[in-house]
Amino acid sequence: MKKSNILTIKNLEVDFVKKDEPTQEIIRGIDLEIPRGEIVGIVGESGSGKSISMKAIMNLLPDNAKLKYDEFMFDDISLNNKEKSKLPISMIFQDPMTALNPLRTIGYHLIEVVQRQKKTSKKEAEKIAVAKLNEVGILLPEKRMTQYPHELSGGMRQRIMIAMALLSKPLLLIADEPTTALDVTVQAQILHLIRDLQKEEKLSVILVTHDFGIVAGMCQSIIVMYDGEIVEEGKTDEIFYNAQHWYTKELLKAIPNGNKDERLYSLNSKLVGGSIKNRGSMKKISDTHRVLRKG
Ligand SMILES: Nc1ncnc2c1ncn2[C@@H]1O[C@H](COP(=O)(O)OP(=O)(O)OP(=O)(O)O)[C@@H](O)[C@H]1O
């Protein structure tokens, strides 16, 4: 039986409107399909539109952004703009400090999320929060509840963000570059945590990254974005072993292979400039593998 999607968006467009400047097309009519219970990686270099697409899903776009889509379906229900603002979707960001209030304790943040979710006493909410900290691998959780964000390490703060995200019982977790600010060992620990939680909680996850190396070990499928468009998507093996689009091939060449003599591969000059006006269409390579063709 074909697995259904947790999220389907048809023809998503985001434009930025600035006074006295031409409108900028940032997301150029993409179709997003996120299968239920999988980790989907969205890759692409800086500026390709990964974060803006995720903010469009979360209703977090700035005021000067114009959002359009033909259809927005979550958990098999087609939704209008108003309904889509209260979905069980949580997002974690690259820098947890932007989402944590420096003047409030960790406990304050977590208890607030629990109490927003269901009516409980402070004591009960505290118990739920401590249990969640345990689940995400925070040692001495009771002590952490009384500490302030700046008293914790970057890795710990990201675990707190994950705990907060899970406390609101999401069906879909969007992790936008969740490990970019962390050192390599902590990065691996956080990625393992996300993978384990995804399995245990049967979550669907979108993992946004500019690092193809990370998606290889984590994701069942991959979406490649370039200049506001999806240029290729497929199962991880299809993308790694049978890439079709020149940009995907360039990204694959840019993965470091651990050889200390290698020079950092820099992306082909085709990437610079060259705005793409004609939309093109996605051509099917297999049931799960599609590539953008133009002209
Ligand atoms: N508030 C804004 N006003 C105008 N343009 C914006 C705004 N925010 C983002 N952009 C533009 O939208 C494009 C896509 O940005 P986005 O943040 O989605 O890229 P990204 O792929 O997530 O890159 P990164 O990995 O650096 O976050 C960029 O060209 C960026 O300059």
Side-chain angles (χ1 to χ4, degrees), residues 7 9 11-32 34 39-69 72 89-99 154 158 161 172-182 187 190-191 194 205-216 218-219 221-233 239 245-248 250-252 254-256 264-277 279 292:
L7 176 70
I9 308 176
N11 200 19
L12 174 74
E13 287 179 26
V14 180
D15 293 342
F16 277 110
V17 187
K18 281 189 194 149
K19 206 170 169 257
D20 302 328
E21 278 181 37
T23 298
Q24 277 179 292
E25 283 187 342
I26 298 295
I27 305 298
R28 303 157 185 253
I30 62 173
D31 291 339
L32 266 179
I34 309 300
I39 306 185
V40 176
I42 301 194
V43 288
E45 67 179 34
S46 191
S48 54
K50 308 180 298 293
S51 296
I52 294 293
S53 323
M54 296 305 107
K55 286 180 181 158
I57 298 172
M58 296 294 294
N59 282 327
L60 291 175
L61 289 172
D63 290 343
N64 65 332
K66 256 179 44 200
L67 169 69
K68 268 200 312 200
Y69 50 81
F72 190 108
I89 308 179
S90 294
M91 186 159 175
I92 53 174
F93 301 91
Q94 178 176 332
D95 180 7
M97 281 310 257
T98 53
Q158 200 52 292
M161 289 313 301
L172 173 64
L173 175 71
I174 300 177
D176 190 354
E177 306 266 6
T179 59
T180 310
L182 305 172
Q187 195 174 69
I190 296 290
L191 291 172
I194 293 175
V205 177
I206 301 178
L207 179 66
V208 176
T209 174
H210 59 271
D211 185 341
F212 235 133
I214 287 180
V215 293
M218 289 279 290
C219 303
S221 39
I222 299 175
I223 293 171
V224 182
M225 284 193 73
Y226 171 61
D227 198 15
E229 295 183 298
I230 291 175
V231 295
E232 188 159 2
E233 60 190 338
I239 299 293
H245 196 275
W246 67 266
Y247 178 66
T248 315
E250 292 290 326
L251 281 180
L252 286 166
I255 301 176
L264 254 188
Y265 186 90
S266 58
L267 289 181
N268 195 300
S269 58
K270 272 193 231 178
L271 292 176
V272 184
S275 118
I276 306 162
K277 287 287 174 241
R279 284 270 166 88
L292 182 70

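Just so you know, ligand 1 is whichever comes first in the structure, and atom 1 is the first atom listed for that ligand.
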Nearest protein heavy atom with distance in Å, relative to atom 25 (O) of ligand 1: Lys50 NZ, 3.1 Å
side-chain contact (heavy atoms from CB on, under 4.5 Å) between Lys55 and Asp176, worked out: CA-CA 10 Å; Lys55 286 180 181 158; Asp176 190 354; 5.6 Å; no
Residue pair Ile42, Ser53: steps toward the side-chain contact (heavy atoms from CB on, under 4.5 Å) verdict: CA-CA 10 Å; Ile42 301 194; Ser53 323; 5.9 Å; no
4.0 Å heavy-atom contact, Gly44 with ligand 1: no
Nearest-neighbour protein heavy atom for atom 26 (O) of ligand 1, which is reported as residue plus atom name and distance: Ser46 OG, 2.5 Å
Close side-chain approach of Glu13 to Glu25, heavy-atom, < 4.5 Å: no
Sidechain-backbone polar pair: Asp31 side chain, Asn11 backbone, donor-acceptor under 3.5 Å: yes
Atom 5 (N) of ligand 1: the protein heavy-atom neighbour that sits closest, reported with distance to 0.1 Å: Phe16 CD1, 3.4 Å
Any non-hydrogen protein atom less than 4.0 Å away from atom 3 (N) of ligand 1: yes
Nearest protein heavy atom with distance in Å, relative to atom 18 (O) of ligand 1: Ile52 N, 2.8 Å
Heavy-atom gap Lys55 to ligand 1 smaller than 4.0 Å: no
Nearest-contact summary for atom 29 (O) of ligand 1 - protein heavy atom, Å: Gly47 O, 3.9 Å
Residue pair Met218, Val205: steps toward the side-chain contact (heavy atoms from CB on, under 4.5 Å) verdict: CA-CA 10 Å; Met218 289 279 290; Val205 177; over 6 Å; no
Atoms of ligand 1 close to Glu45 [distance to a heavy atom under 4.0 angstrom, numbered from 1]: 21 (O)
Region of Glu177 that comes within reach of ligand 1 [heavy atoms, distance under 4.0 Å]: side chain
CA sep, side-chain torsions, deciding dist, call: Ile230, Leu292, side-chain contact (heavy atoms from CB on, under 4.5 Å): CA-CA 7 Å; Ile230 291 175; Leu292 182 70; over 6 Å; no
Within-4.5 Å side-chain heavy-atom neighbours: Asp211 and Val43: no
Validation row: Ile190, Ile194 side chains within 4.5 angstrom (heavy atoms): yes
Heavy-atom proximity to atom 13 (C) of ligand 1, best of Ile26, Val14, Asp15: Ile26
Student check: side-chain heavy atoms of Glu232 and Ile239 closer than 4.5 Å: yes
Atom 17 (O) of ligand 1 [closest protein heavy-atom partner, distance rounded to 0.1 Å]: Ser51 CB, 3.6 Å
Min N/O separation Lys18 to ligand 1 under 3.5 Å: no
For ligand 1, the portion of Pro62 having any non-hydrogen atom under 4.0 Å away: side chain
